[in-house]
K.L.:
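Take a look at this one; I'll ask things after.
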2 protein chains.
Amino acid sequence: MPRPTKLTPEHGDARTRLLQSARDLIRSQGYAATSVGDLCRAAGVTKGAFFHHFENKEALGVAAAVYWAETTSELFANAPYHRHDDPLDRFLAYIDFRKQIIDGDLARFTCLVGTMTQEIYGSHPAIRDACAASIFGHAATLEPDIEAAIASRGITPDWSAESLAIHTQAVLQGAFILAKATGNTETAKDSVDHLKRYVELLFKTNH
Amino acid sequence: MPRPTKLTPEHGDARTRLLQSARDLIRSQGYAATSVGDLCRAAGVTKGAFFHHFENKEALGVAAAVYWAETTSELFANAPYHRHDDPLDRFLAYIDFRKQIIDGDLARFTCLVGTMTQEIYGSHPAIRDACAASIFGHAATLEPDIEAAIASRGITPDWSAESLAIHTQAVLQGAFILAKATGNTETAKDSVDHLKRYVELLFKTNH
DNA sequence: GGCACAATACCGACCGGTTGGTATGTGAGT
DNA sequence: ACTCACATACCAACCGGTCGGTATTGTGCC
């Protein structure tokens, strides 16, 4: 088990620098195409440091997924959409927030763990499990608001809060793929608009 | 022109065998993790044959995407959902068909070009373009039915037939990722159910 | 039809560079 | 004296790609 470095130059310890480089490089090149050498060069670290902190490349992949889960859950915990009083408003504001995040460089807003899952689901079960934990752990944070919205609107749906939360993630992951295919963020934003429209229709009481 | 290989000549010429092996291996391992040697071994072909048919590995990637576009468009052209008289019924039956296809081994029903796009969008523009052509070419086949459904239902939506067709593909791509994360086909089918519910709500006239 | 011949389809040994990974060393903090 | 964080040097296996060669084919001429 690696632990935080005591002596820390301005740029942070080698482990987190490697994790940040992994986050950036894997998002733009994929896991397999990112070599240990690439990682070390980007992090400004030698191979010795790499294999000091991680048993092998797969362990780095797992750690990168865990690091991703930690940093993103912090991002969403501090996001402004929680400020709304109504649970449905919170959920819709979450979707708006996700749309707003889609901006600029592809490798800046796409999902590390979704990208890795595609590549490694068959060959690296340990990484796959860490990615799944990140995705479904995040989806679970949406469930209370959806549940409360169902109650407050007095609807009796034939779908579960869990499945809608997961569907939200599916749309986002799919939107990222299409954005990568076109190189255009608008493609992704259009799908998020459809998702928001869906949620609004689901909670419309008169039908 | 094509000629069966010496060893196992019953399986057709080397080029299509390499394309089929590429389809299978890349779907389960990804593009970068699939080496030329892997491809040749799986196809029962030598490296000489590989580089006779393809200038380099990237060219194989492009050809695999084109091959995918051809074979899938044939599959969908012959699918039963076209038999419905009503255009909205056809579109809904398409979604049912996509759900029905989700069955068995992950590498059997997931999308080759979606998988490749994730990995190579930044580093192999030629492959990315071929993948995009496959995805958006398929989406375009749905537009006439959506357009006709809008007309027949007399609705005036604030979304375009094109954007809904593309959203359909986004949901499917996202569903594949989540299925890979869980190893469970139900995760994907749940999202397709949400997609169908969305389309039904969109075309409900009384609201 | 038979034959020469040029394309084409395929083979497999080989190359230089890169890969993930290891063994060992060093130097600062405790 | 000892641990920990990192560096250097190195390796065997594998990578994408090359190349000289052989087998099989369609074709034009007789």
Side-chain angles (χ1 to χ4, degrees), chain A residues 1-22 25-26 29-65 67 116 119-120 122-127, chain B residues 1-22 25-26 29-64 67 116 119-120 123-127:
Chain A
M1 281 292 173
R3 65 187 202 199
T5 327
K6 301 281 172 51
L7 65 154
T8 297
E10 313 77 54
H11 301 101
D13 65 307
R15 193 186 129 91
T16 56
R17 275 155 70 185
L18 281 165
L19 290 175
Q20 286 163 353
S21 299
L25 286 179
I26 294 174
Q29 305 177 355
Y31 172 82
T34 302
S35 72
V36 175
D38 289 341
L39 258 1
C40 295
R41 212 170 304 119
V45 151
T46 59
K47 264 189 182 179
F50 183 101
F51 287 100
H52 170 71
H53 287 288
F54 306 103
E55 196 190 330
N56 48 36
K57 192 189 171 186
E58 186 180 35
L60 177 273
V62 173
Y67 179 68
M116 278 206 288
E119 272 189 85
I120 52 75
S123 36
H124 297 281
I127 302 179
Chain B
M1 228 76 89
R3 168 164 52 108
T5 334
K6 247 189 196 165
L7 6 123
T8 62
E10 65 277 4
H11 293 111
D13 64 303
R15 196 187 129 90
T16 56
R17 277 160 68 186
L18 281 166
L19 290 175
Q20 286 163 354
S21 299
L25 286 180
I26 294 174
Q29 304 179 355
Y31 171 82
T34 302
S35 72
V36 174
D38 290 340
L39 258 0
C40 294
R41 212 171 304 120
V45 150
T46 59
K47 266 192 181 177
F50 184 101
F51 286 100
H52 170 72
H53 288 288
F54 306 102
E55 196 190 329
N56 46 38
K57 193 189 169 186
E58 185 180 34
L60 178 274
V62 173
Y67 179 69
M116 278 205 287
E119 271 190 87
I120 52 73
S123 36
H124 297 280
I127 302 179

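So that the names make sense, note that chain A is the first sequence line, chain B the second, and so on, each numbered from 1.
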K.L.:
Measuring from atom CZ of A:Arg41 to atom NZ of A:Lys47, what distance do you get when rounded to the nearest 0.5 angstrom?
P.N.:
9.0 Å
K.L.:
Nearest 0.5 Å please: distance from the CG atom of B:Leu60 over to the CZ atom of B:Arg15.
P.N.:
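So the gap between those two atoms works out to 9.0 Å.
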K.L.:
Specify the separation, in whole Å, of atom CZ of A:Arg41 and atom P of D:dA7.
P.N.:
15 Å
K.L.:
Does C:dA9 have its OP1 or OP2 closer than 4.0 Å to a side-chain nitrogen or oxygen of B:His52?
P.N.:
yes
K.L.:
So, is B:Ser35 near the phosphate of D:dC15, with a side-chain N or O under 4.0 Å from OP1 or OP2?
P.N.:
yes
K.L.:
To the nearest Å, give me how far apart CZ (B:Phe54) and P (D:dT18) are.
P.N.:
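Spelled out: CZ on B:Phe54 to P on D:dT18 is 15 Å.
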K.L.:
Return the value, rounded to whole Å, for the distance between atom CZ of B:Phe50 and atom C1' of D:dC15.
P.N.:
12 Å
K.L.:
Nearest to the side chain of B:Val36, which nucleotide is it out of D:dA7, C:dG12, D:dG16?
P.N.:
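Of the candidates, D:dG16 comes closest.
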K.L.:
So if I take every side-chain heavy atom of B:Ala49 and compare against D:dA7, C:dG20, C:dC10, which nucleotide ends up nearest?
P.N.:
C:dC10
K.L.:
In whole Å, I'd like the distance from the CZ atom of B:Arg15 to the P atom of C:dT8.
P.N.:
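So the CZ-P distance, B:Arg15 to C:dT8, works out to 15 Å.
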K.L.:
For A:Glu55 and C:dT22, give me the distance from atom CD to atom C1', rounded to whole Å.
P.N.:
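Result: 13 Å.
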K.L.:
Let me know the distance between CG of B:Leu18 and P of D:dG16, rounded to the nearest Å.
P.N.:
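Taking CG of B:Leu18 and P of D:dG16, I get 13 Å after rounding.
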K.L.:
Carefully, step by step, assess A:Leu19 and A:Phe54 under the rule side-chain contact (heavy atoms from CB on, under 4.5 Å).
P.N.:
CA-CA 11 Å; A:Leu19 290 175; A:Phe54 306 103; 4.0 Å; yes
K.L.:
Nearest heavy atom decides the nucleotide; on that basis, is A:Thr34 or A:Gly48 closer to the 5' end of DNA chain C?
P.N.:
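Going by which nucleotide is closer to the 5' end, it is A:Thr34.
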K.L.:
Which nucleotide in the list C:dC10, D:dG17, D:dT8 gets nearest to the side chain of B:Phe51?
P.N.:
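From the listed options, D:dG17 comes nearest.
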K.L.:
Should the side chain of A:Lys47 and the base of C:dG21 be counted as holding a donor-acceptor pair, with the cut-off at 3.5 Å?
P.N.:
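A donor-acceptor contact between them is present.
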K.L.:
How many whole angstroms separate atom CD of B:Glu58 from atom C1' of D:dC15?
P.N.:
16 Å
K.L.:
Compare the minimum distances between each of C:dC10, D:dG16, C:dG20 and the side chain of B:Lys57, then state the nucleotide with the smallest one.
P.N.:
D:dG16
K.L.:
At under 4.0 Å, does any side-chain N or O of B:His53 touch on OP1 or OP2 of C:dC10?
P.N.:
yes
K.L.:
Which of these passes side-chain contact (heavy atoms from CB on, under 4.5 Å) with A:His124: A:Met116, A:Lys57, A:Glu119, A:Glu58?
P.N.:
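Of A:Met116, A:Lys57, A:Glu119, A:Glu58, side-chain contact (heavy atoms from CB on, under 4.5 Å) with A:His124 is met by A:Glu58 alone.
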K.L.:
Within this structure, what is the CD1-CD1 distance for the pair B:Ile120 and B:Ile26, rounded to the nearest 0.5 Å?
P.N.:
10.0 Å
